[in-house]
Amino acid sequence: MKTTAAVLFEAGKPFEIVELDLDGPRDGEVLIRYTAAGLCHSDLHLTDGDLPPRFPIVGGHEGAGIIEEVGPGVTKVKPGDHVVCSFIPNCGHCRYCSTGRQSLCDMGATILEGCMPDGSFRFHSGGEEFGAMCMLGTFSERATISQNSVVKVDDWLPLETAVLVGCGVPTGWGSANYAGGVRNGDITVVYGIGGIGINAVQGAVHAGAKYVIAVDPIEFKRDTALKFGATHVFHDATAAADKVNELSWGQGADQAIVTVGTVDEEVVTAAFNVIGKGGTLVVTGMAAPDKLTVHVSGLDLTLNEKTIKGTLFGSANPQYDIVRLLRLYDAGQLKLDELVTTRYRLEDVNQGYQDLRDGKNIRGIIVH
Ligand SMILES: NC(=O)c1ccc[n+]([C@@H]2O[C@H](COP(=O)([O-])OP(=O)(O)OC[C@H]3O[C@@H](n4cnc5c(N)ncnc54)[C@H](O)[C@@H]3O)[C@@H](O)[C@H]2O)c1
Ligand SMILES: [Zn+2]
Ligand SMILES: [Zn+2]
């Protein structure tokens, strides 16, 4: 079968739209027709060289669509089912899945290689094998993926919106609720209001935070944070720290969540310093692996019992949380439609990422 996809051939180069050959599903795999894909900053890290993938790779790891065919042994879904993909698969039985930590599933070991766990690929062209970002490759019309990468969702939900629950929403929401452990009455600061940070704001509001303080240099982002329930917004970390000091009578914030596009030492240090005794710094955003971004006072860490926590997929369990968040949306308690700023065609994927770089989008969506 043929499929059209947006492919990265090397770092620093834009996506190219190419036609690829696609193998059908093998044991435990499904053929999916993607109806929508989200433009998350993590794909931009592939281009920018922060996340080093194996090239060539079909981009896209936020995806939703309809199952067209299933391979032998597939029990989770059947043709016609509507699904949201999880950028981290969940096998259900590894050490991490079986202890309620699906965001760390061992099956996710090849998400940057973009191959199946056995090392084989499903996208090909001219004798070359093409990977799939996060084993999904949602910037393709169709893909063959593991049944462990899909979560069946209610078929009345609009997939164009539900697609965001494949990465941005649970990652941000979980950064507040799971990794940050936000509780009623807390003070939470979120640095960087993109597709992830806006959901950290939304998650902290859900958890009952007394004050949710959003920091972003772009006015449109700050205005959006207010619409999602932030109580205060600031253009930089210093102004936010002054306000936290005032609001907490000098005690500091309970959580600082770093969701900026590219993490650096400056924002991590500001976030570490804004939390008070027993506070938690959550680092969700990414930077190149060889770039050291966390340099803090060990004495402050020890004496004030601070916690620094990394988080993948917001430390959520995709199999449960994707459905859970969509049911919150269905009940009118989670904002999803409001997250989508612009819709693009697959051919316009590079424009979508330029708009993300220019700070114009909370989330851009490709509609296939
Ligand atoms: N840990 C995970 O599981 C996971 C999952 C998805 C994405 N991510 C990462 O999260 C990060 C955010 O992704 P996104 O799609 O929301 O990106 P985005 O580009 O849409 O948003 C980032 C925001 O940060 C703001 N910003 C930049 N520097 C800042 C600073 N110093 N202080 C305050 N704000 C600043 C930008 O103006 C922008 O609004 C990326 O690094 C992405 O790779 C992590
Ligand atoms: Zn993502
Ligand atoms: Zn697992």
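One-based numbering, in listed order, for ligands and for the atoms of each. This structure is a prediction, so every number in the text was calculated from the model and none was measured.
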Looking only at side chains, do [X] and [Y] share a donor and an acceptor under 3.5 Å apart?
X    : Y    : answer
D321 : N317 : no
Q354 : D358 : yes
H61  : D43  : yes

Within ligand 1, which atoms have a heavy atom of [X] less than 4.0 Å away?
X    : value
L356 : 19 (O), 20 (O)
F313 : 2 (C), 3 (O)
G195 : 16 (O), 20 (O)
I193 : 23 (C), 39 (O)
H45  : 40 (C), 41 (O), 42 (C), 43 (O)
G285 : 9 (C), 10 (O), 11 (C), 41 (O)
F87  : 3 (O)

Ligand 1 versus [X]: contacting region, heavy-atom distance under 4.0 Å:
X    : answer
E266 : neither
L51  : neither
S103 : neither
H41  : both

Notebook entry, point to check: Does atom NZ of K291 have more than 12 heavy-atom neighbours from other groups under 6.0 Å away?
Noted result: yes

Check: Taking atom CD of E347 as the centre, does the number of heavy atoms from other residues, nucleotides or ligands within less than 6.0 Å exceed 12?
Finding: yes

Is it true that [X] and [Y] have a side-chain N and a carboxylate O under 4.0 angstrom from each other?
X    : Y    : result
E113 : R54  : no
D154 : R327 : yes
E10  : K13  : yes
K152 : D81  : yes
E246 : K243 : yes

Students should be able to answer this: which protein heavy-atom is nearest to [atom], and at what distance?
atom                    : answer
atom 24 (O) of ligand 1 : G192 CA, 3.3 Å
atom 12 (C) of ligand 1 : T259 O, 3.3 Å
atom 42 (C) of ligand 1 : S42 OG, 3.5 Å
atom 33 (C) of ligand 1 : V215 O, 3.5 Å
atom 38 (C) of ligand 1 : D216 OD2, 3.4 Å
atom 6 (C) of ligand 1  : C167 SG, 3.3 Å
atom 21 (O) of ligand 1 : G194 CA, 3.2 Å
atom 32 (N) of ligand 1 : V260 CG1, 3.8 Å

Give a yes or no answer on whether the side chain of [X] reaches the backbone of [Y] with a donor-acceptor pair at less than 3.5 Å.
X    : Y    : answer
D236 : A239 : yes
K306 : I275 : yes
S140 : A143 : no

N or O pair under 3.5 Å between [X] and ligand 1:
X    : value
T284 : yes
K221 : yes
Y191 : no
I196 : yes
N361 : no
R363 : yes

Check: Considering the options V201, I362, I193, which one meets the side chain to side chain contact (heavy atoms under 4.5 Å, CB included) requirement together with F228?
Finding: V201

Checklist line | R343: which of D348, I366, V367 passes side chain to side chain contact (heavy atoms under 4.5 Å, CB included) | finding: V367

Check: Counting backbone and side-chain atoms alike, does H61 have an N/O/S atom under 2.8 Å from the Zn ion (ligand 2)?
Finding: yes

Given [options], which has its nearest heavy atom closest to [atom]?
atom                    : options               : answer
atom 2 (C) of ligand 1  : T171, V283, T341      : T171
atom 1 (N) of ligand 1  : I218, D50, D358, T311 : T311
atom 22 (C) of ligand 1 : C134, G172, G261      : G261

Next item on the list: Could you tell me whether the side chain of K2 reaches within less than 4.5 Å of the side chain of L20, counting heavy atoms only?
Entry: no

Check: Any non-hydrogen atom of R357 lying under 4.0 Å from ligand 1?
Finding: no

Next item on the list: Measure the distances from the heavy atoms of G359 to every atom of ligand 1 and state whether one is below 4.0 angstrom.
Entry: no

Margin query: Testing the basics here: between V169 and L325, what is the closest heavy-atom pair and its distance to 0.1 Å?
Written below: CG1-CD1, 4.2 Å

Next item on the list: Give, rounded to 10 degrees, the angle between SG (C105) and SG (C97) as seen from the Zn ion (ligand 3).
Entry: 100°

Margin query: If you take the centroid of each ring, where Trp contributes its six-membered ring, are H232 and Y211 closer together than 6.0 Å?
Written below: yes

Notebook entry, point to check: Can the ring centres of F313 and F87 be said to be less than 6.0 Å apart?
Noted result: yes

Check: Roughly, to 10 degrees, what angle do C40 atom SG and C167 atom SG form around the Zn ion (ligand 2)?
Finding: 130°

